[in-house]
Novice: 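Quick one: the structure is below, questions incoming.
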There are 2 protein chains.
Amino acid sequence: MNVSPLQQRFILHFGEMGSRWGINRTVGQIYALLYVSEQPKNADDIVQALGLSRSNVSMGLKELQSWRLVRSQHLPGDRREYFSAPEDIWEIFHVLVEERRKREIDPTLTMLRDALMETNLDSADRHAAKRMSEMHDLIELTTGWLDDVKGLAPKTLTQLMKLGGNVSKFLKPRAAKNAADSS
Amino acid sequence: MNVSPLQQRFILHFGEMGSRWGINRTVGQIYALLYVSEQPKNADDIVQALGLSRSNVSMGLKELQSWRLVRSQHLPGDRREYFSAPEDIWEIFHVLVEERRKREIDPTLTMLRDALMETNLDSADRHAAKRMSEMHDLIELTTGWLDDVKGLAPKTLTQLMKLGGNVSKFLKPRAAKNAADSS
DNA sequence: TCGTAATTTCAGGAATTACTGAAATTGTAT
DNA sequence: ATACAATTTCAGTAATTCCTGAAATTACGA
């Protein structure tokens, strides 16, 4: 039940990295612990493994659940709650993209759309409006694409990613001249 | 030289969003101001426009330059430094991806590689090691792909993104059954 | 329904991060 | 070289975020 040196290293790294994302150190550590654990863990296991206060663990688990990165279940004959990170790494990847998008991208898209709607275009703001709509369009293109490829099976996605820049070979010739030329 | 309501709105939003990323509110605001400004601005312009202290602006500009999101230049007959955000939004996108990768992804990849190298595989850590190598492989696949498509021209990239999940039509049939079927 | 185990909430304190003004440094024109 | 404008550094303080223990709430078995 104790954390091994390998796990320790992973957990500490994740704690530090967590700070660069929006999540704090202890939340990062809790997630890392659950990610590498084979068996689900209850809150006291986590307290014991990471040396955090019980209340901190409770709050951290809540946050991780709000990110859909951690799930809880009940074990028969035990009334405590057990937590685990989903198995499938593609699912994790997927959820991460979706949640970050929901929290960081969508509000910006909305703000840009609303602000541009209310702007009459021969104001002194022509330049600002142009820049904002460029940003809007790029974000929309990117998120639309993400939505679309999200439906692909992991194997298909892997194939496509390995293909890399070569996918452009399949495009109409007009643009194909820009393809990475690795043949 | 004063910020319009449209700009104001954009700047304030970016300030708030900045906090969700690793950058703080004022750095977000400075970037937003430069992004929507047609002409380069000197530090005092920024102080005046955003109501920050001179030293704070100096530090913020330094940080933005370290992200390569802001450039400086000198105007003839004026010894002050003038700052601006690059014009080309694809370049901005590109730089953002590269910098975030350098700061957030690469250190994790390195840690995973190093930790796994030093691990003998019949330890009690088999599960943790497996999970860590899954993470490693997914990150490597994704960043390798990013490196590769980064070389494509914006037009090509736009075409590909609009194609969305339909690119998988071009793959070998074995995997093509997983393609989004939008025909 | 009651008793107790499990979990959550939350006010206050600890730790971290952000910001400022003053002083130091750098750069440039004379 | 000197004078002064522009910029940066940095120590101290303000603001924010994080974490804890105690109290409250919830969930369950008898």
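Reminder, nothing fancy here: chain letters follow the sequence lines and each chain counts from 1.
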Novice: Ignoring hydrogens and angles, write down the donor-acceptor pairs under 3.5 Å from the side chains of residues 83-95 of chain A, residues two or more places apart or on other chains.
Specialist:
from  : atom 1 : to    : atom 2 : distance (Å)
A/D88 : OD1    : A/W90 : N      : 2.8
A/E91 : OE2    : A/R71 : NH2    : 2.3

Novice: Please give, in whole Å, the distance from D/dC18 C1' to A/W21 CH2?
Specialist: 21 Å
Novice: Nucleotide by nucleotide, 5' to 3', does protein get under 4.0 Å of the base (B), only the sugar-phosphate (S), or neither (-) in nucleotides 17-25 of chain C, counting heavy atoms?
Specialist: -SSBB----
Novice: Angle, rounded to 10°, between the helical axes spanning five pairs at each terminus of the helix from C/dT1-D/dA30 to C/dT30-D/dA1?
Specialist: 30°
Novice: Which pairs, with at least one residue in residues 7-24 of chain B and sequence neighbours excluded, count as a salt bridge (charged side-chain N to carboxylate O under 4.0 Å, His left out)?
Specialist: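 Residue pairs passing salt bridge (charged side-chain N to carboxylate O under 4.0 Å, His left out), neighbours aside: A/E118-B/R9.
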Novice: Under a 4.5 Å cut-off applied to non-hydrogen side-chain atoms, are B/V36 and B/F14 in contact?
Specialist: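 No - every pair of side-chain heavy atoms lies 4.5 Å or more apart.
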Novice: Quick one: does A/D44's side chain get under 4.5 Å of A/Q48's, heavy atoms only?
Specialist: no
Novice: Closer than 4.0 Å, any side-chain N/O of B/K62 to the OP1 or OP2 of D/dT9?
Specialist: yes
Novice: Give the rounded distance in Å between these two atoms: CD of A/Q29 and C1' of D/dC19.
Specialist: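 It works out to 13 Å between those atoms.
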Novice: Roughly, in whole Å, what's the span from NZ in A/K41 to C1' in C/dA6?
Specialist: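 After rounding, the reported distance stands at 19 Å.
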Novice: Take the protein atom CG of A/L50 and the nucleotide atom C1' of D/dC18, then report the distance between them rounded to whole Å.
Specialist: 16 Å
Novice: Please tell me if the side chains of A/W67 and A/R103 come closer than 4.5 Å, counting only heavy atoms from C-beta onward.
Specialist: yes
Novice: To the nearest Å, how far apart are A/D44 CG and C/dA6 P?
Specialist: 8 Å
Novice: How many Å lie between CD on A/E63 and C1' on C/dT8, as a whole number?
Specialist: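 Checked: the CD to C1' distance equals 15 Å.
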Novice: Does A/S58 put a side-chain nitrogen or oxygen below 4.0 Å from OP1 or OP2 of C/dT7?
Specialist: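 For C/dT7, OP1/OP2 do not have a side-chain N/O of A/S58 under 4.0 Å.
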Novice: Can you find a pair of side-chain heavy atoms, one from B/L160 and one from B/V167, that are under 4.5 Å apart?
Specialist: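 Contact flag for B/L160/B/V167 side chains = yes.
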Novice: Quick check: do B/I105 and B/T142 have side-chain heavy atoms less than 4.5 Å from each other?
Specialist: no
Novice: If you apply the rule salt bridge (charged side-chain N to carboxylate O under 4.0 Å, His left out), what do you find for B/R101 with B/E98, and how did you get there?
Specialist: CA-CA 5 Å; B/R101 174 180 164 180; B/E98 264 187 356; over 6 Å; no
Novice: Within the structure provided, determine whether A/T108 and A/H136 are in side-chain contact (heavy-atom separation under 4.5 Å).
Specialist: no
Novice: Considering only heavy atoms, which members of residues 65-80 of chain A lie under 4.0 Å from some atom of DNA chain D?
Specialist: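 Correct list: A/R79.
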Novice: Could you go through A/L34 and A/L61, starting from their C-alpha distance and side-chain angles, then the distance that decides it, and tell me whether this counts as side-chain contact (heavy atoms from CB on, under 4.5 Å)?
Specialist: CA-CA 10 Å; A/L34 294 175; A/L61 287 168; 4.1 Å; yes
Novice: What is the distance from CD1 of B/I46 to P of D/dA6, rounded to the nearest Å?
Specialist: 15 Å
Novice: Applying salt bridge (charged side-chain N to carboxylate O under 4.0 Å, His left out), which residue pairs with at least one partner in residues 127-137 of chain A are found, sequence neighbours left out?
Specialist: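 For residues 127-137 of chain A: A/K130-A/E134, A/R131-A/E134.
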